[in-house]
Protein chains: 2
Amino acid sequence: METKKIEKKFHSAEDCPITATIDVIGGKWKPPIIWLLLKGPIRFGEFNRIMPNIALKVLSRCLKELEADGIIIRKAYPEIPPRVEYSLSEKGESLREVMFSLSDWSRKNIMNESESAL
Amino acid sequence: METKKIEKKFHSAEDCPITATIDVIGGKWKPPIIWLLLKGPIRFGEFNRIMPNIALKVLSRCLKELEADGIIIRKAYPEIPPRVEYSLSEKGESLREVMFSLSDWSRKNIMNESESAL
DNA sequence: CGGTATCCCAACGGATACTG
DNA sequence: CAGTATCCGTTGGGATACCG
């Protein structure tokens with residue numbers, strides 16, 4: 001059988017799997033949010049303390065979107081004062097390699113981390 | 001010596017290396033552009049043929065930005081009609097792993113590619 | 001062929017005030 | 001404490017027409 005080489009077209013950007021991933025983890029603040037969650041659960045206020053310049057509304061929306069995409073899990077404790085903890089889902093955990101890959105490339109190619117250790 | 005654990009803060013989003021990488025490769029059309037270039041040099045018109053719905057202006061700006069970031073190389077041949085070829089720089093080539101990582105995660109977690117092979 | 005120029009719209013991000 | 005509501009500026013992406 002002959003295999004005809006079909007050139008894949010990108011009729012819309014969403015046909016690209018990479019674009020699809022970046023739609024989920026991209027934007028200005030989602031990367032640090034996911035990065036922090038890779039270390040463990042975090043409360044709403046903690047995000048705001050660690051990222052002092054993110055607007056509350058933006059933080060709120062990012063968390064909602066990540067939750068809707070199945071990346072993070074929101075757990076609210078019915079206490080006074082209220083406590084809400086965010087953590088990574090399994091799907092979110094599976095991003096660990098991806099995030100390290102992106103971070104690694106950045107350190108080598110954007111931050112000019114010297115290769116002096118070599 | 002005791003090592004005090006310093007919590008890294010993200011005063012601006014750009015403090016996050018992952019955000020920095022996504023600033024370079026992100027957006028709607030840059031991923032497919034880089035993806036295509038990983039297979040070899042491409043001419044301006046070819047991009048437009050493979051991605052029929054990208055606006056000329058957008059394609060043009062994406063290519064300019066990628067060039068400014070040192071990811072791609074633009075080579076113009078002084079012919080009539082003119083010919084311009086885009087290819088990856090070394091820095092651009094170094095994105096291969098990153099792109100595969102992003103693409104792989106997408107196939108497993110967004111496109112629901114069955115794991116039937118297991 | 002390989003682009004620019006112009007105009008437009010929606011989405012994202014941001015500051016501040018307020019609420020359960 | 002953990003958000004929402006409102007308003008606003010900037011950016012990214014898009015359609016169309018035109019140029020060297």
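Within every chain, numbering begins at 1; the chains are lettered A, B, ... in the order of the sequence lines, protein sequences first and strands thereafter. The figures that follow rest on heavy atoms only: side chains count, while hydrogens, waters and symmetry mates do not. Note that the structure is a prediction, hence the values are computed from the model and not measured.
The distance between atom CE of M51(A) and atom P of dG14(C), rounded to the nearest whole Å, is 11 Å. N53(B) places its CG atom 9 Å from the P atom of dG14(D), with the value rounded to the nearest Å. Note: CD1 (I33(A)) to P (dC12(C)) measures 14 Å, nearest angstrom. Residue E14(B) contributes atom CD, which lies 12 Å from atom P of dT11(D) at whole-angstrom precision. Nucleotide dG13(C) holds its P atom 9 Å from the CD1 atom of I54(A), rounded to whole Å. Rounded to whole angstrom, the span from the CG atom of L63(B) across to the P atom of dG2(C) amounts to 11 Å. Atom-to-atom, CG of N48(B) to P of dT16(D) comes out at 14 Å; the value is rounded to the nearest Å. Rounded to an integer number of Å, the gap from L59(B) CG to dT4(C) P is 10 Å.
Within the 4.0 angstrom heavy-atom criterion, no nucleotide atom of any strand lies near Y77(A). No engagement by F47(B) is indicated, since no non-hydrogen atom pair under 4.0 Å with the nucleic acid exists.
To the nearest 0.5 Å, the span separating CG on L88(B) from CG on L37(B) amounts to 4.5 Å.
The phosphate of dG3(C) (OP1 or OP2) has no side-chain N or O of R61(B) nearer than 4.0 angstrom. R43(A) has a side-chain polar atom (N or O) that falls below the 4.0 Å cut-off from OP1 or OP2 of dA2(D). OP1 or OP2 of dT4(D) sits under 4.0 Å from a side-chain N or O of K64(A). Within the structure, every side-chain polar atom (N or O) of S60(B) is placed at least 4.0 Å from both OP1 and OP2 of dG2(C).
The side chain of W29(B) has dG13(D) as its nearest neighbour among dG13(D), dA2(D), dG13(C). Listed nucleotides: dA17(C), dG14(C), dG3(C). Nearest to the side chain of L56(B): dG3(C). In this structure, of dG2(C), dA15(C), dG13(C), it is dG2(C) that holds the atom nearest to the side chain of P82(B). Listed nucleotides dG14(C), dG3(C), dG13(D) differ in distance to K28(A); the shortest reach to its side chain belongs to dG14(C).
The local environment of CD in E97(B) is sparse, with at most 12 non-hydrogen atoms from other residues, nucleotides or ligands closer than 6.0 Å. Within 6.0 Å of atom CD in E79(A), more than 12 heavy atoms from other residues, nucleotides or ligands are found, so the atom counts as buried in its surroundings.
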Practice item. Given ring-ring contact (aromatic ring centres under 6.0 Å, His included), test W105(A) with F100(A) step by step and report yes or no. Key: CA-CA 8 Å; W105(A) 190 87; F100(A) 272 70; over 10 Å; no
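Mapping F44(B) and E65(A) onto DNA chain C via the closest heavy atom, the residue that lands nearer the 5' end is F44(B). Nearest-nucleotide mapping onto DNA chain D: of R83(A) and K57(A), the residue sitting toward the 5' end is R83(A).
A donor-acceptor contact shorter than 3.5 Å links the side chain of T21(A) to the backbone of P17(A).
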